[in-house]
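Working notes, beginning with the structure itself.
Order of the sequence lines fixes the chain letters, A, B, ..., with proteins taken first and strands second; residue numbering starts at 1 for each chain. Everything numeric in this text was worked out from a predicted model, so none of it was measured.
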Amino acid sequence: MGVGPREHEEMIAYIEDIARHEGQTVTLRGWLHNRRSSGKIHFLTVRDGSGFIQCVMSKKAAGDDTFTRADHLAQESSVIVHGTVRADSRAPGGYELDVTGFDVVSPATDYPITPKEHGVDYLMDRRHLWIRAPRQQAILRIRHEVIDAVRDFFNSRGFVLADTPIFTPSACEGTTTLFPVQYFEQETAYLTQSGQLYNEANAMALGRVYCFGPTFRAEKSKTRRHLTEFWMVEPEVAYATLDDVMALAEGLVVSVVQRVLERRAAELKVLERDTSRLERVQAPFPRISYDEAAEIIRRKGLPFEWGGDFGAPDETAVSEEFDRPVCVHRYPAAVKAFYMKPDPERPEVALGVDVLAPEGYGEIIGGGERVDDYDLLLARIKEHNLPQAAFEWYLDLRRFGSVPHGGFGMGIERVVSWICGLDHLREAIPYPRMLYRIYP
RNA sequence: UCCUCAGUAGCUCAAUGGUAGAGCAUCCGGCUGUUAACCGGAGGGUUCCUGGUUCGAGUCCAGGCUGAGGAGCCA
């Protein structure tokens with residue numbers, strides 16, 4: 001008869017804390033990740049959400065009954081394991097558990113994600129199970145760290161989190177890029193594609209603010225850099241200039257990357273990330289103008305005409321010139337949004353900035369100074385054929401004590417994707433929403 | 001929306017126009033240091049769909065469906 005955990009005074013432990021329990025007898029509660037056997041000895045890899053550990057069960061130590069219970073147990077069966085923690089140089093985590101008791105909570109059968117390879121489509125259809133895999137867990141932990149670092153960065157600098165709405169009343173920049181939602185009997189509402197306009201109002205109230213939430217884009221983008229639903233953090237600062245915005249973006253990116261390097265080294269190792277590339281992410285970031293970026297693109301032989309926006313290959317060409325993120329500022333005003341402030345010294349360019357990540361990961365941040373002059377903003381709204389009535393509240397910000405101000409948006413999944421070295425954005429969020437994918 | 005590529009066992013893939021195959025998973029057996037464990041055996045097929053060419057189609061042709069990568073747009 002095997003010795004069941006409940007017959008002992010239990011010491012519940014998590015695998016991430018296992019080093020503190022060396023020599024002790026503990027109880028782990030989790031799932032069977034993999035099993036190997038040599039007839040009279042089972043090697044059970046158990047995961048509990050906090051980590052993975054190999055549990056060694058010998059027939060002699062565990063007893064026939066307990067041993068038999070583990071004989072045919074399938075991958076992802078939930079289990080409670082009782083055993084003694086032992087340091088072992090052969091173990092990837094440095095420790096193993098010598099099993100003395102073992103209970104099956106609920107057996108699994110035919111778990112679809114086997115230790116062998118699977119295709120992306122197959123795994124995405126089973127995303128709810130795929131996230132149990134070590135690599136996916138590492139990515140999601142790094143995502144958590146990125147988000148935590150972002151919040152800490154702003155919270156420690158006097159910023160106030162002020163949430164902006166998900167439902168917005170009218171199309172700011174054309175309805176083709178927005179998801180319509182029927183809002184009771186009144187009108188069509190749209191899912192937000194940016195909290196920025198509300199952020200500006202919040203900044204006029206609270207000075208330094210940020211919002212952080214999901215954002216929706218109905219563009220039929222079908223690339224490794226796009227999701228239809230993604231998370232964006234957007235700071236906005238009253239009295240900020242373009243230089244202030246760039247300094248803030250630089251500080252945020254450095255802070256986030258350093259935080260992940262400090263606290264998530266184990267996860268980066270699981271992902272086999274070349275961390276030397278991340279260690280180089282230090283201030284100051286190079287700041288180059290659109291004109292200088294265009295010159296780099298032309299020098300590299302890519303076709304490019306002044307006045308156009310950069311495509312993905314153009315961004316890669318520019319970012320390849322630098323070993324850290326690069327700020328590209330003063331884009332042609334014509335290709336930027338109606339609220340972008342023109343450079344007073346050169347009105348054909350806007351006081352906007354994009355931050356391009358290294359290694360071909362493209363734009364992770366976009367922002368700049370906003371139009372603060374009432375007459376200019378009204379003219380821009382008319383030029384873009386936007387419904388003035390819907391923007392009266394936004395114009396109010398220029399009627400009642402307008403000040404220079406600016407901010408930016410940073411796409412969380414793009415940052416996570418870059419830090420993790422992923423080849424596709426879809427792994428950077430638990431349940432990606434893309435063109436042609438809304439399951440599970 | 002456009003361009004390119006792919007679809008064969010539960011999964012990952014192979015098969016010169018000529019008998020439908022392997023590894024993994026599953027089931028049975030063996031093994032006290034495995035770690036994508038290994039060794040032996042067994043079961044497992046609407047070759048995405050529709051039509052066409054051919055003595056004969058997984059393979060060639062046409063149309064469709066589904067997915068992937070890229071472009072545009074953006075974070």
Partner residues of Ser37(A) under the side chain to side chain donor-acceptor pair (under 3.5 Å) criterion, sequence neighbours left out = His42(A)
Every protein N/O lying under 3.5 Å from an N/O of nucleotides 6-8 of chain B:
none

When you measure from every atom of RNA chain B, which of residues 241-257 of chain A have a heavy atom less than 4.0 Å away?
-> none
Contacts of type side-chain contact (heavy atoms from CB on, under 4.5 Å), residue Lys222(A), not counting sequence neighbours | Leu435(A), Tyr436(A)
Results of side-chain contact (heavy atoms from CB on, under 4.5 Å) for His72(A) - residues two or more places apart only = none
Pair Glu427(A) + Arg127(A), salt bridge at N-O below 4.0 Å | no
Kindly write out the residues that satisfy salt bridge (Lys or Arg N to Asp or Glu O under 4.0 Å) with Asp48(A), not counting sequence neighbours, or none if the list is empty.
-> none
Apply side-chain contact (heavy atoms from CB on, under 4.5 Å) to Leu206(A) and list each qualifying residue two or more places apart in sequence or on a separate chain.
-> Val160(A), Ala162(A), Val209(A)
List for me each residue that meets salt bridge (Lys or Arg N to Asp or Glu O under 4.0 Å) alongside Glu305(A), sequence neighbours excluded, and say none if there are none.
-> none
Donor-acceptor contacts, no H, no angles, side chain residues 413-422 of chain A, under 3.5 Å, sequence neighbours left out:
from      : atom 1 : to        : atom 2 : distance (Å)
Glu413(A) : OE1    : Trp231(A) : N      : 3.0
Glu413(A) : OE2    : Arg143(A) : NH1    : 2.9
Glu413(A) : OE2    : Arg143(A) : NH2    : 3.3
Glu413(A) : OE2    : Trp231(A) : N      : 3.3
Arg414(A) : NE     : Arg225(A) : O      : 3.2
Arg414(A) : NH1    : Glu363(A) : O      : 2.9
Arg414(A) : NH2    : Arg225(A) : O      : 3.0

Could you list all N or O pairs between the protein and nucleotides 40-48 of chain B that sit under 3.5 Å apart?
none

5' to 3', nucleotides 23-34 of chain B under a 4.0 Å protein heavy-atom cut-off (B base, S sugar-phosphate only, - none) gives -SSS-S--BBBB
Considering residues at least two apart in sequence or located in another chain, which fulfil the salt bridge (Lys or Arg N to Asp or Glu O under 4.0 Å) criterion with Arg433(A)?
-> none
